[in-house]
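The block underneath contains the structure these notes are about, expressed in structure tokens.
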Amino acid sequence: MSLGEFQFISRIKDSFRSPEGVLGIGDDCAVLPQHEGRETLVSSDMLVEDVHFLLDGITPFELGWKSAAVNISDIAGMGGKPVASFLSLALPAKLDDNWREAFIEGYRQLSERFDCPLLGGDTTSSPEKLSISVTVLGECPAGTSLKRSGAKVGDLICVTGNLGASAAGLDSILNHREAVRELLDAHLKPLPRICEGISLREAGAHSCMDISDGVASDLRHICEASDVCAEVDVNLLPISSETRAYADKFDKSAAGLALEGGEDYELLFTADEAALAGLAIPYYRIGRIVPKCETQIHWIGADRDYLGYRHF
Ligand code: ADP
Ligand code: MG
């Protein structure tokens with residue numbers, strides 16, 4: 001037996017309380033107060049079964065968690081604080097009530113952790129595949145959000161944490177290999193770097209984005225938007241011992257996992273020395289921004305080019 005659409009929405013409504021002064025689930029629209037002197041950040045993303053995830057490779061709890069996390073991560077990439085999210089689901093009949101409950105619970109736990117209430121969405125049936133669409137709102141002081149376009153020649157290129165673990169986790173899932181918890185968690189239960197993004201904005205970083213497609217691909221976006229080129233020293237990439245061990249064991253390149261794997265959800269940013277000196281969060285320097293030239297990214301210490309994940 002399955003809960004009807006309205007019962008399911010009412011379950012969701014019961015699981016998420018709207019903050020004071022905010023109208024959430026239950027009317028035609030959510031209503032949020034405006035805050036003077038702040039700008040609103042809005043980001044929308046879709047996760048489609050068999051494109052972004054395989055149903056038998058992720059638990060419903062993890063999928064709910066990850067759906068919220070990867071979207072809130074876009075707010076982190078702008079240096080913002082999340083305000084609210086909207087969740088639209090096209091649900092196939094094969095997913096029963098227990099599955100739906102666990103999905104909503106994962107979504108709820110991640111949202112609660114980042115103080116980001118669910119204020120609405122849409123629910124429909126789907127003939128076969130599950131699709132999940134999430135919109136997240138965030139905010140920061142007006143005129144201060146961190147863009148991809150702000151990188152300056154001489155900036156250091158940095159990341160907020162380890163790279164490649166998520167790619168190794170995904171590889172182990174796809175090849176049905178023995179699970180290493182650290183790698184699986186990096187892939188299935190990422191944590192958006194909200195505090196790190198806010199620190200970067202406050203310290204005056206020049207450009208920033210979250211790493212979803214891999215540094216090799218994402219850094220190109222910063223280069224294009226900022227009209228600059230980059231040098232990256234492959235020997236400086238922060239790669240965990242678990243990721244290195246996985247790469248060694250299965251004859252993969254650790255740098256390849258780190259640069260091309262994607263879904264790290266760490267922040268990739270550029271900043272000058274003065275901004276870095278004022279930073280209270282851990283970060284790793286991996287390269288620097290150079291004037292526009294022929295090779296968009298020069299990989300120091302590598303014998304090949306790196307490309308990163310392409311959706312098409
Ligand atoms: P409408 O007919 O206006 O689309 P719905 O019956 O779809 O209204 O939705 C009723 C309320 O439930 C709305 O506030 C909507 O935002 C919310 N809602 C529907 N589906 C979801 C969902 N998957 N997650 C969160 N809120 C939802
Ligand atoms: Mg609707």
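For this chain, numbers begin at 1 and follow the sequence in order. One-based numbering, in listed order, for ligands and for the atoms of each.
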- Query: Can a salt bridge be assigned to the pair D305 and R220 using a cut-off of 4.0 Å between side-chain N and carboxylate O?
  - Reply: yes
- Item | Atom pair OG/CD of S166 and E182 - distance to nearest 0.5 Å | 10.5 Å
- Not counting sequence neighbours, which residues clear salt bridge (charged side-chain N to carboxylate O under 4.0 Å, His left out) with R181? List them please. E62, D185
- Query: Among G26, G120, S10, S85, which residue places a heavy atom closest to atom 14 (O) of ligand 1?
  - Reply: G26
- Hydrophobic cluster membership, L47 vs I75, 4.5 Å side-chain cutoff: yes
- Message: Does any N or O of ligand 1 fall below 3.5 Å from an N or O anywhere on G121, backbone included?
- Response: yes
- Message: Under 3.5 Å, is there a donor on one side chain and an acceptor on the other for S15 and Y107?
- Response: no
- Determine, for D171 against R177, whether the closest basic-nitrogen to carboxylate-oxygen distance falls under 4.0 angstrom. yes
- For ligand 1, which part of F86 has a heavy atom less than 4.0 Å away: the side chain, the backbone, both, or neither? neither
- Message: Test of understanding: given a 4.0 Å heavy-atom threshold, classify the contact between D27 and ligand 1 as side chain, backbone, both, or neither.
- Response: backbone
- Could an N or O of ligand 1 be found under 3.5 Å from any N or O of D122, whether backbone or side chain? yes
- Note on the structure: ligand 1 to I25, heavy atom cutoff 4.0 Å, flagged ligand atoms 12 (O), 14 (O), 17 (C), 25 (C), 26 (N)
- Query: Can you tell which of L119, L32, V31 makes a side chain to side chain contact (heavy atoms under 4.5 Å, CB included) with L23?
  - Reply: V31
- Message: Which label fits F250 and Y246: parallel for a plane angle under 30°, tilted from 30 to 60°, or perpendicular past 60°?
- Response: tilted
- Counting from 1 in the order shown, the ligand 1 atoms closer than 4.0 Å to a non-hydrogen atom of F6 are 6 (O)
- Counting heavy atoms only, which part of I12 comes closer than 4.0 Å to ligand 1: side chain, backbone, both or neither? side chain
- Can you list the atoms of ligand 1 that are under 4.0 Å from a heavy atom of D28? 3 (O)
- Query: Where's the contact between I9 and ligand 1, heavy-atom distance under 4.0 Å: side chain, backbone, both or neither?
  - Reply: side chain
- Task: Using distance alone, decide if ligand 1 has a nitrogen or oxygen within less than 3.5 Å of any nitrogen or oxygen in F8.
- Result: no
